[in-house]
Every structure is written in structure tokens, then in C-alpha cells.
Amino acid sequence: MERSVDLLQGTLDLLILKTLDPEPMHGWGIAQRIQQVSKDVLQVQQGSLYPALYRLERQGWISSEWGASENNRRAKYYRLTKSGRKQLERETTHWQRFSTAVADILQAASS
Amino acid sequence: MRSLRKFGALFHKERAEQELDDEMRFHLEKQIEQNVAAGMSAEEARYAALRQFGPVEAIKEECRQNRAAYFAETLLADLRFGVRQLRRNPGFTAVAVITLALGIGANTAMFSVIYGVLLRPLPYPQPNRLVRLTWPGGNEDLTAEQFKFYHDHSPVFESTGAYRGLSTVKLEIGKSVHWIRTLPVTRGFFPALGVNPVMGRNFTPDEERSGGPEAVVLTHELWKSAFGSAPNALGRQVQLADQSFTVVGVLPAWFKFVDPADAFVPLRFTGSSADSGSNTSAIARLKPGVTLSKAHAAMAIVFKEFAGIYGSHPGEVGVALIPYQTFLTGGYRPSLLMLFGAVGFLLVIACANVASLLLARSASRQKEISVRLALGASRLRLLRQFFMESILLAVAGGGAGIVAAFWMLNGLVSSIPWDLLATDRIELSIPVLVFALLISLASSVAFGLASFFQTSRLDLNSALKEGWSRAGGGHTRMRKAIVGAQLALSLMMLIGAALLIESLHNLYEQPTGFDSRSLYAVVTPLERSHAASVTGVWNFDQAVMQHMRAVPGVKSAAVINEMPVASQFNIPVQRAGHLEDSIGAMQFRTASPDLFATMHVPLLRGRTFTEADTAASQPVIIISESLAREWWGSQNPIGDQVILGMYQGQSFAGLTEPPRTVVGVVGDVRAMGLDVPMQPTVYIPVTQAPGNLMSQWMRTAVFLVRAVGTAGVAAALRRAVADVDSTQRVTMTQPMTEVIAGTVSRPRFNSILLGLFASLALFLSALGLYGVISYWVTQRTHEIGIRMALGAQKSDILRMVIGQGIKLTLIGVTIGIVGAFGLTRFLSSLLYGVKPTDPLTFMAASLALLLVALFACFIPARRATNVDPMVALRWE
Amino acid sequence: MEPLIKLEGVIKVFATEEVETHAIESVNLEIQNGEYVSISGPSGCGKSTLLSLIGLLDSPTGGRYWLKGQPVDGLGFNERARIRNRDIGFIFQSFNLIGDLTVEENVELPLTYRGMASSERKRRVKDVLERVGMAHRMKHYPAQLSGGEQQRVAVARALAGEPAVLLADEPTGNLDSKNGEAVMQLLSELHRRGATICMVTHDPRFAAHADRVVHLTDGRVTGEESAEGKIQKSEVGSPQS
């Protein structure tokens, strides 16, 4: 299912899907991971992560369940679904094409 | 699976909320821990975490909206709000639901009838292959010759069957006696309808032969009621009309025929007079794959062959095949469609009333709506909320409507004046309920949209500021338009009803040719013991009449073979020596001497019958005025001669009679149906009836009795018959006026129903008008106060308010009259003696509407005059 | 000379189920022909109620009322309506023009209730609208006019029937000071030409336009002063001796 989403939202979705690719995580963990990996370049408000998670869950790309966290507290874990993985692939190629194109234009403009 | 989860989420909304809370709290706690770990104080860590997280409540709301079950949850909220709204205004809700229930109920009931008799396939296998065979251009039945020829020679019919009229006969099984109705049918009758006996068999060719063994096939119901469903009923010998019959078959329980027969006997073509008339009803089943037009073409060739061999009757030009359902329903289709149209109008009017009510209410709810819009409710959400209320109303109205339909249907079905194939097919079946649901939803959309458009035009800002005083204008305009349309529709219905009632009145006003007041009719189907010979009949007749004359109050009694106005019997008759003076279907009656005196039919020339007219004396005949005029003009027919059973020199009806001498001319009497013109009629004395035809011609005796004082006369007359022969049944004892009324039961049914619907429509429209004018007055209380301060008298105020209503009504009347001009021509087949555009009827109906409108406006107008100018002026 | 208006011991009590409110307590008042009287007092003192009683919009609970020498207390609705129509011209604080009617029709309204011929009505309407300087706006609707213009039209409507007395209830209350002053000038002008005016106002500046100011407090006349010099009446709140 192709959905036209604005850049920021689309980017956030992609990042979440990518983050969940190796293993299930809870919301805080996802926020931390995105922050670490992007080396604090992408400073999003942590809260805005959650509406995105709910939206992705409704799309069926991720699923959630309650489990025990590191220090044995109840936390909601999100995992990538099958269709979510496909979506991730699609989005990734899409993004790469897009960023290459942008990079090309920037290069052309600066030279 | 997913929708299931959604459904579950709906009921676990509380839990979902809890989980949302937990998830956020978990996140914040983790963040606080991290912040503390980074060296912040507890409080600093807390504030930092919240800052990093963002606005918690807003995020939660966004999460909720993204949640899978969000749509369903808000829908539930809208639903709850809708229910609360309706419960908070019980008066409004009750009026709206009752109004809708009336409209939906009437439509559902009417549709049940339409569906049951017009749309639903006949209850036979492959009913679309069933056709009725008639003469072209009419519903006239075939002659026996025609039927037999078509039966034997048609290449397009799988099977062909014939039947004749029902007779009521006595069934004796051992000692038990039942009165049942039998229908004579040919062997092809059952296969044509696609029915096989569940027990036993159909008739054999031998049983169809004249003088063959007598056999009877029972309906399932008779088998149950008279034979106790005994399996050994087959082969039983029973007495039917004093003759021995063998039970050969039992039909399946589902089988029903339009003539309500309890049992079937073989129809035999014996070559008797009965076979020469066009009195053989024929049905046929087309071979598979044969279309109607193909069948028509084939039958045209068959008819040519037939005409080549037998010659053809005058006017006999071919054979018509009519799909059986069309044939059965043709008689009442226009009435039913007309009534269906009327209830459709009624529903529109009812919906308009509810829309008008909703508009009035949405006017008072503008502030609430504006607040909702200001708080960011989308128009879509508002639309949904509006529709939720409309749908709730429609569902409640529809539910109540179905209950109402159930009640209406009972009354409707029992008063339907047509022979329907099976009234039990008229029921609240699934298609009918689907119909009810659809019209409920359609109406909710109709009035939901009306109120929504009204509010969507709302300018948010001005409504918030001055919503109360100014924004009412649009509502009022729209409501006025609705009321105008309602009044117009009501007028169309009123005009239709008035036309029908006038037709009915015209029918009643038709002269019958005799005095029906204080005249009683007693009908007895003659037992075989009496009907065996003319002498037997006459002896019985005389004995009964003698007993009747002895009843106190009875002035005179007479006997005739057919009920005046309500039934007919015709044979060919020719004037002796004048081939061109022939009438194929001459009304024919046998009469006792004092028939004319009893009925008060005037004797115009010559004499009536006397005791001296016996079987041995000169054969005599009395003719009606119209026949005298037709054949003799200004000459005197007395002494001239006519021949019964002769047409243009040919003998018909197995009758060879000597010429009869005309001894008298009497006034015309209506033969059958008040809407049928007077028909030429001949009368002969009962004593001189052709003996060989007794069994067909005088099966029933109709005693006409003039009596003063009504109390107990009917019962005494019945007893008079029983005194002569206690086994002789009396099927009817009725004042003649009631008999005549019975002949117009169909137009009366149409008039009553349309009149009822029109009255309902008028009532609802008046209610609508009342509502609008009341609202108008409420809105103008201030203005009325000003006018009073300036010196307006009560009459001035009254005139102003009523003027508003009348202006509206006149617009409705104008549209209604134009609409009625277009519509009433569809009624023309139901009208009698009045043109569809009769100006007087139009005027009278308009006047009636105007009067009701005047009354509806008068109440709010009165209230307007009681406005206290002080209060009105202070209210600023 | 017989006073145009004479109130004697007039009482007005508003009774609800629980309480009785004495809005007017035994008021005696005479207004002579051609006089310009202002009734003033704090809000809630009963001055509007008093004006309504004078204007026959309301009936007194007690006391007597003569208008042009005729007793008018205890008349029925339609008789009072006829007197309002012929002898009284109302000017309201909020103008009270009818929004659906044009200026011309508004002014014409009291005349139509009198059953006057159309041509005569038209002539009079034109005449009074000219007197208030609004003749050029005859075909306009009230909503198209400024507040000051609307009040001029209202004055014209009050004048159209050539009433015995003009009753003005805070005629400047809904106007800015400039327009308010203009309307007061108009009333003074009318008074100079002989009109009898009774005006309710709480604004002492406007009250000063009148020949005589009647002070009302808690439904009682608490004092009177004339323009020529303050004559403080002694019998405060008591019946005339």
C-alpha cells in the first residue's frame, strides 16, 4: 500500500521500521536508538514517536505486545511484521533513490 | 480477524486507555532514570523528561486517533450522544417516531400487498410459463369447442387445462355432512399448474368421458378436515350433491388456486348447452423455451385451422395468451399502484414533518454546533453526528412502523375486495422487511441532509455572536418550502380521494330499475331433489314463497334465477323472422308471476306472468324496455315472437325452442354491476323453463321479498326455507341495499383507503404548517409587541399571522393543483361519471385544504394576539 | 386648563407566586398640553414602568388615569390599542423598527392600523420623514441605516399619527453622544413647535432639555424641578394634599 506522506512523517516511519528490523523494542528504546544512531542529529520530540507507532500498527507493519523490560517492569514491545519488512524494503529503496537524486542536484549546484 | 480485533478493542476501550497511560509512564520513568543517571536532581530530571517528551495529552489524543478502533469508538460516542439527545426531548422524539411509524408502516403494509400479489411469483413451479387463453382483446373465456381444438392441436403447450365455475355442494362421508366448494377441471389442469397429487392420481380419460365413473380429487386441507388425514381416504366412496364419487387423489398442502375450491371433479364436455357458451376457462403451460410471441404466432395458425373447420363466432378473430400472473392481477393492479403511490406521498410528507422538526431543533442547537465547530470538530464528524440522530430516529420509526404495518396489514388483507390467489402470501416477508429498512434509511438520509445543509451554511463567527436572533431566517425559509410541498402533495391526494368518492357516489346514484329499499334477497342453491325437474323447482319455489308470505311484515315474495345487479346469465336470442335482430348475449331470467310487482319494476305494456302461464299453455316471454326499443322501435312488440337459443338463424345452447310470444314490456333492471349500462333482458315464467337445461340454468333460487319492519325478518325468511326443507341451505339473506353495496366494494375500498391516506397526509401537513407558523410567531414576538404598541388591534395581529399561513397554503394549493392535473389521469380507469380534471372537485378539495390550513394557523395566531406588549418589548 | 395627562394615586404591583414587587407606589402626575417633561432616576426606579402605564402598554394595579380628560384605566385591549394608535407616539431606546419593512412602511404602520386611505398615508409619511430629514431614505431597510438615522425614523413613526403626546424611553440610550445630541435637538425642535413630550432618561444632561424634571426613586416621585429654577417639592412620596 503506497501512501503519500510528508517527508518528516515518512522519514520517521522509515527510521522506526529500520530500528525494529533486528529485534522487538519498546518505545523508549526506539527513541534512544534513533538518537544514538543518528548521533543526535535527528532531534525529534520523543512523544511524537508514539502516534507514529500507533499508525504503523494500524497499517499492520508492526505489532505490539506487553512484556517484561530489562529490570522486570512491564513494557510494550513492538515488532516488525512480515508486511512491515516488505514495506521497509520498499521505503529503503525509495529513500535511497530520493537521497541520491537530492545529492546529485546539490552536487551539480555547488560545482 | 482484524475487524474482530477492532470490535474487541471497542469493548476494551478502558483497557486501551490504561495501556496508553502505562506506556507513556514507562517511557517517562525510563527517561527520568536516565536523566538522574546523567546527574540531574530528581525534580530537574522530571521536568527535563517531560520537556523531551513533548505535550503528553496532545500526544495521547493523536495516539487515540491513530488507534485502529478510533473510528468505531467515536461512532459509539456519537451514538450515545444521539440517544441522549433523543431522550432529552421525549416530546420531539415521540412525535417524530410516531410520524415516521405512520409513514413507514403504511408503506410497508401496502408494499406487502403489492409484493404478495403483483411481484411475488405465483406459487407454482416455473410460473412464468403459465398462460391464460382468452378471446383477443378481452378476458372472455373460450368455448368448449375452442378449448378442445387448442388442446389437441397446439404445438407450443406442454399441457392445457380447463375449468368452470365453483359450485357449493353437499359432501357426505358416511354420516357426516360437509358443505364444500367443488371446481370442475380437465385432466390437463393439474399438469398445467405443475402440481401432482401427493396421494393417488389425477383423473383418467375414462373419468372425463360423459357417463364415465365419478371421481374427486381433494385438497390437502379438505383431506385433513373431512377425512382426518386418513391414508385410507383414497378409494373411499362419498356422496357429492347426492351422487356417488370415488376419492382418487389428494393434492399437496402448498397447492392453492385462485378460485377457492375444496375439491376438484372432472369437467366433462358433453355437448350440452353449457358447452356452447364462452364459459370454459383455459390455462396452459408453455413448453420450455417457448416465448410468448412465438406461442402467439403458433396459436394464430391453430386458430385459422379451427375457424376453417368450425366457422367462427362473430367477433372471434383469434386467441390471446396472457401471462397468468398478469391475468390474475390485471383487475386490481391500477388500484394497488394508485394506493402505493398514495402511501409514497404519505411517507414523503411524514419525512418532511420530521425534517421540519429537526430544522426547528437545529435552530435552537446552533450555539452547541458552533461551539463544536470552534472546538475543531470536522464537518464530517458533525455530519456523522447529525446522521446518527437521523438514523436513530429512522430505526425507531422503522421498528414502530413494522409493528404498525403488522396491524394495518391485518385490517387491509381482510378488507381486500379482490379474489387473490392466496391472501396468506401477503405477509411481512424478508423482501418486505428489506423494503421497510430501505425506506427508513432513505428517509433518514432525506431529513438528515436537510438539517445538515442548514447548519453547514452556518457562518461560525456570526452564529457564535448572535446565533440566537438572526440565523433563524434560513431555517424558516426551508421549513416554509417543506410545508408548501407537503400541502401540495396533500392536495393531490385529497383531489384523488375526492374523485374516487365522487365516482362511488355516482355509482350509488345509478338507477337500478327497481326499488331496493325494504327488499330482501334470500339465496338457496337448490338440492338435487328439487332441481331434478321444472315441476320440482316450481313446487319448491311456491312452497317457500308461501311460507315467506306468512312471515309478519312481508307484503310479497317472488323468485328469480339470478341476483339483480350482482349476477348475470345470458343466452343467444333472436326475433322470429328477423335474422338481423339477434343478440348473442341476451340477459335471460326465469321469473315467478309477481316478480315485477315485488321489485317495483314498472309494467310498460301488456301483462305480467300469471298462474295461468304453465308448462302446458302458450310459451310466453316478457321483454325489457331497451330490447323493445332496439328491435321494435316505436312499434308495439306485444304479440310478436322471439326465439331463445337462436342467433342469426342458428340454434345454439343445445336448445330447440318454439317461438315465444311477447306478452309484456317491463322497465330495465341493472343486470350486473352498477357501472355497466342497462342490458336488454328477457324473462320467461319458471313453469316454462326448458326442462333439459334446469341443471345449468336454475341451480340457485333467488327469492326477493318485500317486507316492512326489519327486526327479525331476515331470520324469519331463513326459517321459511327451512320449514319447506330443513336440508336446504341458505347461502345469503341480505337486504337488497346491502347486496348492491357489495357490488361496489372495490371502488369503495379504493375510496376509503385513499381517503384515509389523504386525511392522514392532510393531518400531518396541517401539523407541519402549525409548527412553522408557531415558530414564526415565537420568532416575531418582539415585532408583534412593537405592532401592538403602535396600536395594532387583536384582529390586525390575527390577520397578519393567518395571512402568513394562507400565503404558504396558496402556494401549496397552486403547486398541488398543477400536480393533480398531471396525476389524476392515472386514476381515470378507477373513475366513474367524473372527469379526472373535474374543476368542481379540484375546487372543493382546495377549499377543504384551505379550511384545515386556516384552523392550523388559527391556534398560533390566537397565541400571537395574547402576546403582552410589555414583555415582548422588554425582550431585547 | 385640564391637564393632558393626569395620574392619581397610581400603583403598579408585579406579583409572582412568591413575591410582590411594588414597581410604582402611589404616583400623582400631571402633564399639561405642550409640556416637555422628563422622568429621571436611577435604573430600576420604575420610570420605564411609569412610562408604560402612561402609554397604556400596561394597566395600573390601582389609582386613576385620565387622558385628555377621559378616564382610561380599566379599558380593554382593543380600546387601549386604539388610544395608543391615535394619541400616543412611542420612541424606544432600541428604536424598535421592524426589520422586514422599509423606512416608509415602518412609518406608515400606525396609520394602517387606523384604516387611513393609502394616498393620505403616503402624504403624511413623506411629510414626517421630511421633518426628521429622512425622506431620502424612504425605500431603505432599517439594517441599512445608522443608529442615529434609525432613531430619526422611529421619531417620524411616532409623529406620523399626530399623537397628543410623544413618549420617549431613553431615546439616546443606544446612540453615541453625537447622534444622541442630534436626536435631543430634534425632540426640542418638536417641542418648540408645540409637541407634548414625556421622556424617561437617567442621564441628567438630557433631562435638562425638558421644561420639568420629575425625579423617581423606588417607584415614588421624590422631587420635581423646572428649567426656570429648582423648586424642590416638600411632600416627598406622600399623596398630594
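Letters go in sequence order (proteins before strands), and every chain restarts at 1.
Residues C:L190 and C:R131 are in side-chain contact: their nearest non-hydrogen atoms beyond the backbone lie under 4.5 Å apart. Looking at C:L53 and C:K12, their side chains come closer than 4.5 Å, going by heavy atoms from C-beta outward.
Under the salt bridge (charged side-chain N to carboxylate O under 4.0 Å, His left out) criterion, B:K794 pairs with no residue at all, not counting sequence neighbours.
Looking at every heavy atom in both residues, C:V10 comes nearest to C:I24 through O-CG2, 3.4 Å. The shortest non-hydrogen separation linking C:T61 to C:V13 is OG1-N, 2.7 Å.
Proximity to chain C among residues 809-817 of chain B is not found for any residue, judged by heavy-atom separations below 4.5 angstrom. Residues of residues 69-84 of chain C lying under 4.5 angstrom from chain B, judged on non-hydrogen atoms, are C:F77, C:N78, C:A81, C:R82, C:R84 by number. Interface residues of residues 117-126 of chain C toward chain B, defined by a heavy-atom distance below 4.5 Å: none.
Residue C:R157 holds its CZ atom at 6.5 Å from CZ of C:F92, rounded to the nearest 0.5 Å. The line from SG of C:C198 to CD1 of C:I88 is 10.5 Å long, rounded to the nearest 0.5 Å. B:I806 contributes atom CD1, which lies 13.5 Å from atom CZ of B:R799 (distance to the nearest 0.5 angstrom). A distance of 5.5 Å separates CG in B:N353 from CG in B:L764, rounded to the nearest 0.5 Å. Atom CD1 of B:I482 sits about 12.5 Å away from atom CD1 of B:I349, to the nearest 0.5 Å. With rounding to the nearest 0.5 angstrom, the CG atom of C:L109 is 9.0 Å from the CD1 atom of B:I786.
Listed for the C:R114 side chain is a donor-acceptor partner under 3.5 Å among the backbone atoms of C:N85. Formation of a donor-acceptor pair under 3.5 Å by the C:E104 side chain with backbone atoms of C:A135 is not found in this model.
Heavy-atom distances place both the backbone and the side chain of B:R787 under 4.5 Å from chain C.
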